[in-house]
Amino acid sequence: MSNNVFVWIEQNDPIAWETLGAARGVADQLGGQLVALVLGENVANLATEAIGYGADRALVADDATLGPYRLEPYAAIITQLAQAHQPAVLLMGASSAGLELSAYVAAKLGVGLAPDCTELTVEDGGLVATRPVLVGNLVAKIAFGDARPQMATIRRRVYPMPTADSSRSGETTGVAAVLSESDIPTKVEGVAASSGQVSLTDATIIVSGGRGVGGPEGFAPVQALADALGGALGASRVAVDSGWIPYAHQVGQTGKTVQPDLYIACGISGAIQHLAGMKTSKVIVAINKDPDAPIFKFARYGIVGDLFEVVPALTKEFKARLGT
Amino acid sequence: MLSLVEKILFVIAVGVSLYYTQVTFSKMITVVQRGQGQLNLDHLPPRLWTALRALVNQGGIIRHRPVTSLFHYFIAWGFIYYVLVNAVDVLEAFIPGFHIPGMLGNLYRLLADLLTVAVLIGMTYFLVRRFLVNSAVLTIRDNVTLHPKAAAGMRTDSLLVGGFIWGHVGFRFLGTAFLVALHGGDPWQPFASLLAAPLDGLPETAQLIGWHTSWWLAIGLILAFVPYFPYTKHAHLFVGPFNFMTRPPRRALGALDPINFEDESIEQFGATTLTDLSQTQLVDPFACIMCSRCQEVCPAYTTGKPLSPSALEINKRYHIWDQMAALAGGEADESPLLEWAISPSAVWACTTCGACLDVCPVGNKPMFDIMDIRRSQVLMASEFPAELKGAFTGLERNGNPWQMTDDRLAWTKPLDFAVPTVEENPDFEVLFWVGCAGAFDPGAQEIARATATVLHAAGVNFAVLGNDETCTGDTARRAGNEYLFYEMALGNIETLNAVGADQKKIVASCPHCLHTIGTEYADYGGHYTVLHHTQLISELIGAGRLKLNGSNQLEKVAFHDPCYLGRHNGVYDAPRLTLAQAGATLLEMDRNRSDSFCCGAGGAQMWKEEEHGSAAVNETRFAEGRATGADVLAVGCPFCARMMTDANTNAGSPMVVQDVAQLVAAALQK
Amino acid sequence: MKIIVLIKQVPDTAQLSANMNGLQLMASGPRIINPWDEYAIEEGLKLREAHGGSVTLLCLGTPDAVETLKRGLAMGADEAVLISDPQLAGGDSLATARALAAAIEKIGAYDLVIAGRSSIDGGNFATAVQVAALLAAAQLSYVAAIKAIDPAAKTITVERLMEAGRETVSSKLPAVMTVVKEINEPRYPSFMQIRKAAKKDVPVWSVADLGLDAGQVGAAGSQVKWSQIDLPPTREAQVEILEGTAEESAKALVDRLLAEKII
């Protein structure tokens, strides 16, 4: 067994670099190398980029079967590489792909997995992970057994983006694909961008408008904020009843019940009908002109002001800070 | 006098008529008996008295449509009297020289003469109203499910009945005129005498033929029509009173019947098909006269929803006529009510306000049909508006329909006195049942605080259940989820009895809680004295325990009667009295007291989206309140408060919506 | 179609309140069916309604998890199996997946295994995927819609909800699928079905019944464990009002949300 840390580099997602940044620290503490696993088709640049972001070297599988991400061929390669190279730790970003890929690989390897972690530390030469459980109402420390690699996925935006250093260099080794196309049970038929139509029930971020938006056009800044955050657009019953926005967006007792990590209520007073649908959101932000609006009693953060000023300012700020 | 041949013919005709009457009435009875349960025929003398009252006062029709009702009284009383008239006519025709002698006879003839004309005038009015004026109140909107035979059938039926009455009474009138002409005038029959004048000149033979012909036509029409009765709406004249007579007793207008969930042999809950309805609900279509008074007062229909209670009864009637032989023959009727009787949207549009029950002159119960259909939809088919799932889940898991998990005592925090729980004050005299709205809805919390403030100011020894309280189950019950209601009722009864609430008074500021605990829990062994907070407050004022600034004539206040306080439980005066004593100048909305119009929240509407219509119920009602010119719209129910407040905000009106308790609390002398 | 739905009994996080924190809830709070699993059951029922076959529920848990299975049966599932054994306690996602996979193999041939995207307690997003890995079945995660399914040809096309958008994927059957809430609206069990479900037998399978060794499952068979569980730092219950101009308050809010790693 080595002390090396392997990181899967997801394509087109900055979570790969955040994870690489986190892994850098782990590798340094273990005294091992940080190895980027780059899989895809025509991904030589990605390997170079990974080294720039802190990897010591890269293992690159470049194959037509790896074009768009697919679980089975990716897992087969990573499993084989892990078995061949015996890394101490194998990390991925806790993206949709990373969550399933890590689980699949962990099962194939028979090793332990700590998903969706917010903190990784090294104790006694091994990984200790911290992660929220019970939808954020408890924090668990995860201890690993003897099997290696210890696997974990890192929650998005928990670790900062490392700074790219194009002067860094490292060895890039090509590896072959494991599965041929005929061995792969799935085929990606296409991807439709879903910006602005994120489903409410599955959204982790929701931005909602109520009576305060004043009309159908008033939803434009609310939508813009939702888009900037990659969140879904919600509405109170009044806004729906007034015909400003379709019923599909209604959050509340008689609309959708939602439980996002972040709920931003714009111009919503917080009638019980609405509260019933969103009060279990992890963090509620209320933006309302009326400082006495009941919504403030349920919010963690409140801004008393005109949503038509505050919401665009927020959109601008988020875009600047998140680079979206 | 009839000839011997005529007498023989008459006896044969009576025999034939009776035979067919027996045939058709047996069918009607058999169809009714296809329903569930039994008609209520216990305690017969008071039941007969109920029937008689309904017969004479015509189910209290005069409360609405006064002109039409007046004409109907003409016909109805005329017809009642005609039972005597027909009997006397037959006796006169059979027994030589039979007549009622002396002044009694004079008065009898005078009354017959007057009522004859009254019936003819009344019937003419109704025929003109339906066929010439085509009165809008008699038509049913296109978005309502209507039996294919109903639209034409209703007119045909009306024409038949109208023609029969006109024919029967008209020929009797003509026959009497011939008699008057024959006998050379009768000052006790002024109208018949008027008609007799042009007949005077006819030869006596012609007059005799005229009388015989008229007699046969008048009486013949009866003999021909009686067997046909079950097939026309005219049956209402006796099925209506019969319906009142055989209704099940209810503690309150809309108190629902329990279901036995312990009996595992029951395979049908609620009504899926016609024969799943109770027998009394199958009497309804035979009693229905299609006057659509229920439709006129229905908050769903009048705001454009596809629900017409009268269409439901009319559809049942035409369905039964279509299937009469099959139903009477015991064949299974598999066709679901939702396919021909009423649409799903209509079923879910009902606010259970009870106005249809209250207004029906023949004792029909369309609201109960709708509740039975909801029960079958929820308990059997699990098909109901998706929004209700949240409320059901909230009741199951959190004990309140909003799925709130907050402390049920959080509302007490801003008060400057402690509200004791039953643990803290086990010797309470009054249990204040706060209700889910009072516990969780920020608006209704104000009402709960005001109520507690008033009780505190009056020195009432009260306590609350705190976190031991859960929803009464009203929401589940009105939404058809009887099983969930049943579980909640049992739980609450256990809680209430454990603290001895059955030995004390309970006060509720929510009429839905009041209704459920006070009248419906009795079916599950929970017997409680429940007062509405306005009742208790008005008692306290009466006993001098509250000092109010009543002399300050504050504001003009209109009180909106909550359905479950007023119509369902008959409390109308306490809130008004309380408001007056708090210094309000009372104004009344056009529809008030038992005619009050729902706020739109009842019948589980609060927990779902309003069905599609042309107007919102709450805005319709609020506009009525606003039209009074009052400054304050006073309410006595947290759900009315919510609905009226929302409508007020939408209307951007300067009116204030407040509960009676809030107005009293504001008027307390400091 | 032979459909197997994996379900889990979890603490009802909607019961968290001032009177019940996360630790108390985990220890003794009320239990419910994992919310995503209701969507999995519903999708199974819809497939059965469209294509025939049967829906079997499989749950690994303590004996009282039978209530969760009853709920699923009341929704309309045909059969239910509870995997329950003291040896299973403390299992990580893989140890749990081993038992589930063994149970699926015991049940026999299947077309589709459906599970919720994740559970609200562990939130691992892993167990169903690991079942697929152990069964060597195709895995389709985060399914928001089934676009096409042909049980005879053993093919399925689904739409997966990914960060980049909606990914359309076709796959061979048998497969394991996890669903997101967008996929359907779970039905509410009718009383009639609750009554029927109450009478249904739910077999309980032990570790031995599954042909597994104690060392493969539960804490003994696990490579991760929760070594410590804490409540998150308590927060001021009061709302924090962010003052200033629109720009200032916007900046203050973004600062806080980023600092708290909410976004």
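Nothing here was measured: the structure is a model prediction, and the numbers come from that model. Throughout, protein chains are lettered first and strands after them, A, B, ... in sequence-line order, and every chain is numbered starting at 1.
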Stepwise side chain to side chain contact (heavy atoms under 4.5 Å, CB included) check, A/Lys289 with A/Val304: CA-CA 5 Å; A/Lys289 263 197 248 187; A/Val304 180; over 6 Å; no
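Residue contact with chain A, scored on non-hydrogen atoms closer than 4.5 Å, is absent for C/Ala97. Contacts between C/Ala252 and chain A at a heavy-atom distance below 4.5 Å are absent for every atom of the residue. The part of A/Val285 that comes within reach of chain C is its side chain, from C-beta onward, which places non-hydrogen atoms under 4.5 angstrom from that chain. No part of C/Asp12 comes within reach of chain A, as not one of its non-hydrogen atoms sits under 4.5 angstrom from that chain. Contact of C/Thr13 with chain A is made through the side chain alone, with heavy-atom distances under 4.5 Å. With a 4.5 angstrom heavy-atom cutoff, C/Tyr142 touches chain A only via side-chain atoms. Looking at A/Arg131, the atoms closer than 4.5 Å to chain C (heavy atoms on both sides) all sit in the side chain, from C-beta outward. Contacts between A/Gln259 and chain C at a heavy-atom distance below 4.5 Å involve the side chain alone, from C-beta outward. Interface remark: C/Leu173 contributes no atoms to any contact with chain A (heavy atom separation under 4.5 Å). For chain C, the nearby part of A/Ile205 is the side chain; its heavy atoms alone come within less than 4.5 Å. Contacts between A/Glu309 and chain C at a heavy-atom distance below 4.5 Å involve backbone atoms as well as side-chain atoms. Looking at C/Leu257, only its side chain comes within 4.5 Å of chain A, counting heavy atoms on both sides. With a 4.5 angstrom heavy-atom cutoff, A/Val283 touches chain C only via side-chain atoms. Interface remark: C/Ile263 contributes backbone and side-chain atoms alike to the contact with chain A (heavy atom separation under 4.5 Å). Of the atoms belonging to A/Leu101, not a single heavy atom falls under 4.5 Å from chain C. With a threshold of 4.5 angstrom between heavy atoms, A/Ile142 approaches chain C through its backbone and through its side chain. For chain A, the nearby parts of C/Leu242 are the backbone and the side chain; heavy atoms of each come within less than 4.5 Å. For C/Glu260, the part sitting under 4.5 Å from any heavy atom of chain A is the side chain, from C-beta outward, and nothing else. Residue C/Leu253 touches chain A through its side chain alone, counting heavy-atom pairs closer than 4.5 Å.
When the candidates C/Arg160, C/Gln228, C/Lys172, C/Glu185 are compared by the number of heavy-atom contacts under 4.5 Å with chain A, C/Gln228 comes out ahead. Of the residues considered (C/Leu231, C/Asp121, C/Leu140), C/Asp121 shows the highest number of contacts with chain A, using heavy-atom pairs under 4.5 Å. Per-residue counts of heavy-atom pairs under 4.5 Å with chain C were compared for A/Leu99, A/Ile284, A/Thr201; the largest is that of A/Leu99. With respect to chain C, the highest number of heavy-atom pairs below 4.5 Å among A/Val128, A/Leu134, A/Val111, A/Asn137 belongs to A/Leu134. When each of A/Val133, A/Asp202, A/Leu314 is checked for heavy-atom pairs under 4.5 Å with chain C, A/Asp202 comes out on top. Contact count against chain C (heavy-atom pairs under 4.5 Å) is highest for A/Gly302 among A/Ala94, A/Gly145, A/Gly230, A/Gly302. Counting heavy-atom pairs closer than 4.5 Å to chain C, the top residue among A/Phe298, A/Phe296, A/Phe144, A/Tyr301 is A/Tyr301. When A/Lys279, A/Lys297, A/Arg156 are compared by the number of non-hydrogen pairs under 4.5 Å with chain C, A/Arg156 comes out ahead.
Of all the heavy atoms in A/Glu119 and A/Thr121, the pair that sits closest is OE2-CG2, 3.8 Å.
The side-chain contact (heavy atoms from CB on, under 4.5 Å) test with A/Val310 singles out one residue from A/Thr315, A/Leu225, A/Ile303, A/Asn288, and that residue is A/Ile303.
In this structure, OG1 on C/Thr127 lies 11.5 Å from CZ on C/Phe125, to the nearest 0.5 angstrom. Distance check: A/Asp116 CG to A/Ser95 OG gives 10.5 Å after rounding to the nearest 0.5 Å. We find the CD-NZ distance between A/Glu181 and A/Lys187 to be 7.5 Å, quoted to the nearest 0.5 Å. Between A/Tyr159 atom OH and A/Ile154 atom CD1 the span is 6.0 Å, to the nearest 0.5 Å.
Taking 4.0 Å as the cut-off between side-chain N and carboxylate O, C/Arg187 and C/Glu42 count as a salt-bridged pair. Salt bridge absent: C/Glu182 and C/Arg117 never bring a charged side-chain N and a carboxylate O closer than 4.0 Å. A salt bridge is defined here as a Lys NZ or Arg NE, NH1 or NH2 lying under 4.0 Å from an Asp or Glu carboxylate O, and A/Lys141 with C/Asp230 fails to meet this definition. For the pair C/Lys251 and C/Asp255, the salt-bridge criterion is met [side-chain N within less than 4.0 Å of a carboxylate O]. Here C/Lys8 does not pair with C/Asp37 in a salt bridge; the nearest charged N to carboxylate O distance is not below 4.0 Å.
Other residues, nucleotides and ligands place no more than 12 heavy atoms under 6.0 Å from the NZ atom of A/Lys316. The environment of A/Lys282 atom NZ is dense: over 12 non-hydrogen atoms of other residues, nucleotides or ligands sit within 6.0 angstrom. C/Gln238 CD: 12 or fewer foreign heavy atoms inside a 6.0 Å radius.
Taking 4.5 Å as the limit, every side-chain heavy atom of C/Val131 sits out of range of all side-chain heavy atoms of C/Gln139.
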